[in-house]
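Below: one structure, written as structure tokens.
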There are 2 protein chains.
Amino acid sequence: MFSQTVEYALRAVCFLAGQAPEARTTDQIATATRVPKAYLSKVLQGLSRGGIVHSQRGLGGGITLVKTPDQLTVLEVVNAVDPICRIQECPLGLAAHGVRLCPLHKRMDNALAQVEASFRESTLAEILAEPSESIPLCDFPMPHNEAEVCADPC
Amino acid sequence: MFSQTVEYALRAVCFLAGQAPEARTTDQIATATRVPKAYLSKVLQGLSRGGIVHSQRGLGGGITLVKTPDQLTVLEVVNAVDPICRIQECPLGLAAHGVRLCPLHKRMDNALAQVEASFRESTLAEILAEPSESIPLCDFPMPHNEAEVCADPC
DNA sequence: TGATAATTGGACAAACACGTCCAGTTAACA
DNA sequence: TGTTAACTGGACGTGTTTGTCCAATTATCA
């Protein structure tokens, strides 16, 4: 139900959060997160336009997070690349329904609201800090800053 | 975040639930739910293959629900046409993660689980019975069985 | 200033979602 | 049996998502 673009964006941001405040190149992110490099660059452009990451051209450049991991939520990342669109009004355009949704669409919107809420409550810092047998993006237990193979909170 | 197909399927099923146990033709459903008729027929085929509706060819034929509205959940309808796929294993295919998801994918899967749960708890009968200013699929308050303009729980 | 490393943007392509159209099939009814 | 109503299946068209490739641009460093 989540698009590939959302999946890729979250992987990239998780990797960057683990490396923060260091900049990482698209190549490094692609390798660590196992996302096709050329497509990742498009996703990162979206994150850049959405104010989630900052990109620096030229030698020594790369991508950095705009916010610190504890200030950045999953919802912000998702909304930057593939916004969660709540159901604002009757999809059938029925005049009588207006702003008040019918029971069906109210339930669908409630489901969206739940997703929105749980994504709003998750910060990247929390995700990185959570004790788990699986370290985000890493295929093995690893120390901070050796991110060659480790980058996606998978 | 929900596909058009899911939206259309739910409208159709809501309409049928309101008319149950009477059969309704694709034409009637399309008009009431404001779904493109030709495409609706494809969606109904999916619902038929998924065991949600029964279709009867020939004069006097049409579409009926297989279950009664109180036995049919929103989740069953959704899964018949566009299944909610929980995250079963690490999308990166990291061996070390195996069945245990990392914190990121655990959160994404939790969001899916919430949607699944709230859809599983909603029956069509509940949706139709819910007191609301907006009657599903109807542009005005209307009695049962005058469904020309009313069919989608919007 | 020249070489190198990096992002950017546009053109392109494949797969899928959404939607249309129509000939074929099935069933009821007179 | 013939006519009419209704679903079925396939072919097709269009737009979006996902993905690739490459020339242009920007920035660092010697």
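In what follows, every chain begins at residue 1, and chains take the letters A, B, ... in the order their sequences are listed. Please read all numbers here as calculations on a predicted model, not as lab measurements.
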Among [options], find the nucleotide with the atom closest to the side chain of [X].
X       : options               : answer
B/Leu59 : C/dT7, C/dA28, C/dC18 : C/dA28
A/Ala38 : D/dC7, D/dC21, D/dG19 : D/dC21
B/Gln45 : C/dT8, C/dC21, D/dT8  : D/dT8
A/Tyr8  : D/dT28, D/dG19, C/dT7 : D/dG19

Distance in angstrom units between [X] [atom1] and [N] [atom2], rounded:
X       : N      : atom1 : atom2 : answer
B/Gln56 : C/dT26 : CD    : C1'   : 9 Å
A/Glu7  : D/dT17 : CD    : C1'   : 15 Å
A/Arg49 : C/dT8  : CZ    : C1'   : 9 Å
B/Leu16 : D/dC7  : CG    : C1'   : 14 Å
A/His54 : C/dA6  : NE2   : C1'   : 12 Å
A/Tyr39 : C/dC12 : OH    : C1'   : 15 Å
B/Met1  : D/dT17 : CE    : C1'   : 17 Å
A/Ile63 : D/dA27 : CD1   : P     : 14 Å

Taking any heavy-atom pair under 4.0 Å as a contact, classify [X]: base, sugar-phosphate, or nothing.
X       : answer
B/Lys42 : base
B/Ser48 : nothing
B/Ser41 : nothing

Specify the residue among B/Gly58 and A/Gly61 whose closest nucleotide of DNA chain D lies further upstream toward the 5′ end.
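Of the two residues, B/Gly58 wins.
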So, the side chain of B/Arg107 versus the backbone of B/Pro103: is there a donor-acceptor pair under 3.5 Å, distance only?
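Answer holds: yes.
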Can you check whether [X] reaches [Y] side chain to side chain, under 4.5 Å on heavy atoms?
X       : Y        : value
B/His54 : B/Ser48  : no
B/Phe15 : B/Arg24  : yes
B/Glu76 : B/Arg120 : no

Taking OP1 and OP2 of D/dC7, is either one under 4.0 Å from a side-chain nitrogen or oxygen of B/Thr26?
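So the side-chain polar atoms of B/Thr26 do come within 4.0 Å of the phosphate oxygens OP1 or OP2 of D/dC7, strictly under.
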For C/dC18, take OP1 and OP2 only and decide whether either is under 4.0 Å from a side-chain N or O of B/Thr5.
yes
Which is it for A/Val74 and A/Leu10 under the side-chain contact (heavy atoms from CB on, under 4.5 Å) test, yes or no, and what are the steps along the way?
CA-CA 7 Å; A/Val74 170; A/Leu10 287 172; 3.8 Å; yes
With no angle test and no hydrogens, is the base of C/dT7 tied to the side chain of A/Arg57 by a donor-acceptor pair under 3.5 Å?
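Looking at the base of C/dT7, it does pair with a donor or acceptor on the side chain of A/Arg57 (distance under 3.5 Å).
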